[in-house]
Trainee: 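Here you go, one structure.
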Amino acid sequence: MAMPEMEITKQQSMLAAVPKRKRPFASTFKELYLGPMIAFILFLTLWQAIPLALGLPHYILPKPTDVWEATVSDWALLSEAIRITIFESVIGFFLSAVIGIGVSVFLASSKILERSIYPYAIILQTIPVVAVAPIVVIWFGAGFNSIVVISFLIGFFPVISNTLMGLNSVDKNMDELFTLYNASKWQRMWKLRIPAAMPYIMTGLKISCTLSIVGAIVGEYVAGIGGGNGGLGYAITVAAIQVKTSFLFSCGIAAAILGIGFYLVVSLFSNMLLGSWHESAMKSEK
């Protein structure tokens with residue numbers, strides 16, 4: 001005999017009220033962190049041992065201790081370079097996000113516009129930045145402005161590509177429901193297509209945030225040192241000229257840490273935005 005609906009509802013509410021058991025810290029640590037930590041320690045050990053065993057000088061392959069000493073001794077220069085690169089890349093990323101999402105919404109509002117303009121965005125992405133950079137310098141001048149523009153150009157395409165994909169990947173049943181209620185084109189855009197595209201937009205922003213740092217560093221190579229001060233690109237150039245290999249490694253590691261940190265910040269924002277309703281963020285929290 002089937003159970004009454006009220007009894008089923010009561011049992012479901014009781015199950016939902018049962019608190020979830022937290023996993024022991026030791027188990028979580030072993031599963032998530034122990035392996036990467038062991039791999040990192042082995043990597044540092046091999047890196048320290050190989051130059052010693054082969055007798056390589058520090059300007060060919062510095063040891064981790066050499067890199068650490070160079071970081072400490074030149075910390076004032078490195079910290080200032082990091083600060084400048086962060087400022088340039090954040091502005092470039094912000095422009096990529098705002099303009100990329102805005103252009104995507106504009107193109108998705110009309111198939112004719114999308115088919116007419118989007119191919120040129122693809123062509124712009126295929127042109128090497130080194131080829132575009134001299135033109136950017138001529139138009140915006142050497143220094144900070146050109147570096148930000150180059151950072152924007154590198155991070156722009158992932159945002160527009162992923163956003164357009166999301167705007168065009170609306171659930172067919174929901175689209176038909178909006179049609180049934182005679183929703184206008186812009187009602188459909190703001191209340192259906194943009195919310196549905198949010199996971200794609202966040203994916204584009206995650207890609208763009210790391211590329212913006214690459215763009216800022218590349219821009220400093222080509223477009224100058226950024227308003228009289230040098231970021232990581234400038235510090236790398238000076239260290240290469242002076243054959244300060246240990247400091248080159250410090251700059252490279254700093255750039256990698258910046259990229260990881262920027263990615264984690266955007267991922268945190270993505271989880272906060274999508275965590276209560278989208279499967280990708282909800283699964284990542286489990």
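All of these numbers come straight from a predicted model, not from anything done at the bench. Throughout, numbering of the chain's residues begins at 1 and tracks the sequence.
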Trainee: Say whether I91 and V98 are linked into one hydrophobic cluster, either directly or through other cluster members, by side-chain heavy-atom distances under 4.5 angstrom.
Mentor: no

Trainee: Do you know which two heavy atoms are closest between V137 and S146, and how far apart they sit?
Mentor: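 Between these two residues, the closest heavy atoms are CA-OG, 3.5 Å.
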
Trainee: Might you confirm whether atom CD1 of I112 has over 12 heavy atoms from other residues, nucleotides or ligands at distances under 6.0 Å?
Mentor: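 Open.
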
Trainee: Rounded to the nearest 0.5 Å, what's the gap from CD1 on I260 to SG on C209? Could you check?
Mentor: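 Going from CD1 on I260 over to SG on C209, the span is 11.0 Å.
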
Trainee: Say whether, by atom type as modelled, one donor and one acceptor occur between the side chain of E88 and the main chain of I147 under 3.5 angstrom.
Mentor: no

Trainee: Could you tell me how the ring of Y118 sits relative to the ring of F157: parallel (under 30°), tilted (30 to 60°) or perpendicular (over 60°)?
Mentor: parallel

Trainee: What closest approach, in Å, do P62 and T245 show between heavy atoms, and which atom pair accounts for it?
Mentor: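 Of all heavy-atom pairs spanning P62 and T245, the closest is CD-CG2, 3.7 Å.
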
Trainee: Could you tell me whether the side chain of C251 reaches within less than 4.5 Å of the side chain of L78, counting heavy atoms only?
Mentor: yes

Trainee: Walk me through it: do V103 and T163 pass the test side-chain contact (heavy atoms from CB on, under 4.5 Å)?
Mentor: CA-CA 9 Å; V103 170; T163 303; over 6 Å; no

Trainee: Is there a chain of hydrophobic side chains (I, L, V, M, F, W, Y, each step under 4.5 Å between heavy atoms) that links V132 to I154?
Mentor: yes

Trainee: Look at the side-chain heavy atoms of Ile, Leu, Val, Met, Phe, Trp and Tyr, link any pair under 4.5 Å apart, and say whether L153 and W139 land in one connected group.
Mentor: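 As far as the 4.5 Å side-chain criterion goes, W139 and L153 are connected within one cluster.
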
Trainee: Determine, using ring centers only, whether F152 and F93 are less than 6.0 Å apart.
Mentor: no

Trainee: Can you pull out every salt bridge (Lys or Arg N to Asp or Glu O under 4.0 Å) where at least one residue sits in residues 235-245? Sequence neighbours excluded, please.
Mentor: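 Salt bridge (Lys or Arg N to Asp or Glu O under 4.0 Å) check on residues 235-245 returns D74-K244.
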
Trainee: Show me, pair by pair, the donor-acceptor contacts under 3.5 angstrom made by side chains of residues 192-204, not counting sequence neighbours?
Mentor:
{"from": "R193", "atom 1": "NE", "to": "L167", "atom 2": "O", "distance (Å)": "2.9"}
{"from": "R193", "atom 1": "NH1", "to": "A108", "atom 2": "O", "distance (Å)": "3.1"}
{"from": "R193", "atom 1": "NH2", "to": "L167", "atom 2": "O", "distance (Å)": "3.1"}
{"from": "R193", "atom 1": "NH2", "to": "N168", "atom 2": "OD1", "distance (Å)": "3.0"}
{"from": "T203", "atom 1": "OG1", "to": "P199", "atom 2": "O", "distance (Å)": "3.0"}

Trainee: Take E220 and I84, measure what side-chain contact (heavy atoms from CB on, under 4.5 Å) needs, and give me the verdict at the end.
Mentor: CA-CA 11 Å; E220 288 176 343; I84 294 170; 4.1 Å; yes

Trainee: Taking atom CG of L61 and atom NZ of K63, what is their separation to the nearest 0.5 Å?
Mentor: 9.0 Å

Trainee: How long is the span from the CZ atom in F140 to the CD1 atom in I150, to the nearest 0.5 Å?
Mentor: 10.0 Å

Trainee: Quick one: CD1 on I99 to CZ on F94, what's the gap to the nearest 0.5 Å?
Mentor: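 Going from the CD1 atom of I99 to the CZ atom of F94 covers 9.5 Å.
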
Trainee: When you measure from the side chain of T85 to the backbone N and O of I82, does any donor-acceptor pair fall under 3.5 Å?
Mentor: no

Trainee: I'd like to know if the side chain of S270 reaches the main chain of V266, judged simply by a donor and an acceptor atom lying under 3.5 Å from each other, with no hydrogens or angles considered.
Mentor: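 Not confirmed, S270 side chain does not pair with V266 backbone.
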
Trainee: Measuring from S267:OG to L205:CG, what's the distance to the nearest 0.5 Å?
Mentor: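 Rounded to the nearest 0.5 Å, the OG-CG separation comes to 10.5 Å.
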
Trainee: Using ring pair (Phe, Tyr, Trp, His ring centres under 6.0 Å) as the criterion, point out the one residue from W68, F40, F249 that pairs with W47.
Mentor: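 Of all the options given, the one that passes is F249.
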
Trainee: Tell me, do S79 and R83 make a side-chain contact under 4.5 Å, heavy atoms counted?
Mentor: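 No - every pair of side-chain heavy atoms lies 4.5 Å or more apart.
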
Trainee: Between the side chains of S212 and S89, does any donor sit under 3.5 Å from an acceptor?
Mentor: no

Trainee: For P158 and G155, which heavy atoms make the closest approach, and how far apart are they?
Mentor: CD-O, 3.5 Å

Trainee: Would you check if S246 and E69 make a side-chain contact, meaning some heavy-atom pair closer than 4.5 Å?
Mentor: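 SC-SC contact between S246 and E69 ruled out.
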
Trainee: Measuring from atom OH of Y120 to atom CD1 of I122, what distance do you get when rounded to the nearest 0.5 angstrom?
Mentor: 11.5 Å

Trainee: Under the side-chain contact (heavy atoms from CB on, under 4.5 Å) criterion, do L211 and I207 qualify, and how do the steps go?
Mentor: CA-CA 6 Å; L211 291 179; I207 299 172; 3.9 Å; yes

Trainee: Just wondering, do L107 and I160 contact through their side chains at under 4.5 Å, heavy atoms?
Mentor: yes

Trainee: According to a 4.5 Å side-chain heavy-atom criterion applied to Ile, Leu, Val, Met, Phe, Trp and Tyr, with indirect links allowed, do F106 and F156 form part of one hydrophobic cluster?
Mentor: yes

Trainee: Report yes if some heavy atom in the side chain of E114 is under 4.5 Å from a heavy atom in the side chain of L164; otherwise report no.
Mentor: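 Touching, per the 4.5 Å side-chain cut-off.
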
Trainee: Working note: L232 + L258, criterion side-chain contact (heavy atoms from CB on, under 4.5 Å); need CA distance, chi angles, decisive distance, verdict.
Mentor: CA-CA 11 Å; L232 284 174; L258 280 184; 3.8 Å; yes

Trainee: Are I135 and F144 connected, step by step, through hydrophobic side chains (Ile, Leu, Val, Met, Phe, Trp, Tyr) whose heavy atoms are closer than 4.5 Å?
Mentor: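 Hydrophobic grouping puts I135 with F144.
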
Trainee: Ignoring hydrogens, what is the shortest heavy-atom contact between S208 and S96? Give both atom names and the distance.
Mentor: OG-CB, 3.7 Å

Trainee: Would you confirm whether S250, through its side chain, and V67, through its main-chain N or O, come within 3.5 Å as a donor-acceptor pair?
Mentor: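 Side chain of S250 to backbone of V67, a donor-acceptor pair under 3.5 Å: yes, one is there.
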
Trainee: Please say which of V218, I217, T210 ends up in a side chain to side chain contact (heavy atoms under 4.5 Å, CB included) with V214.
Mentor: V218

Trainee: Do F262 and V90 come within less than 4.5 Å of each other through their side chains, counting heavy atoms only?
Mentor: yes

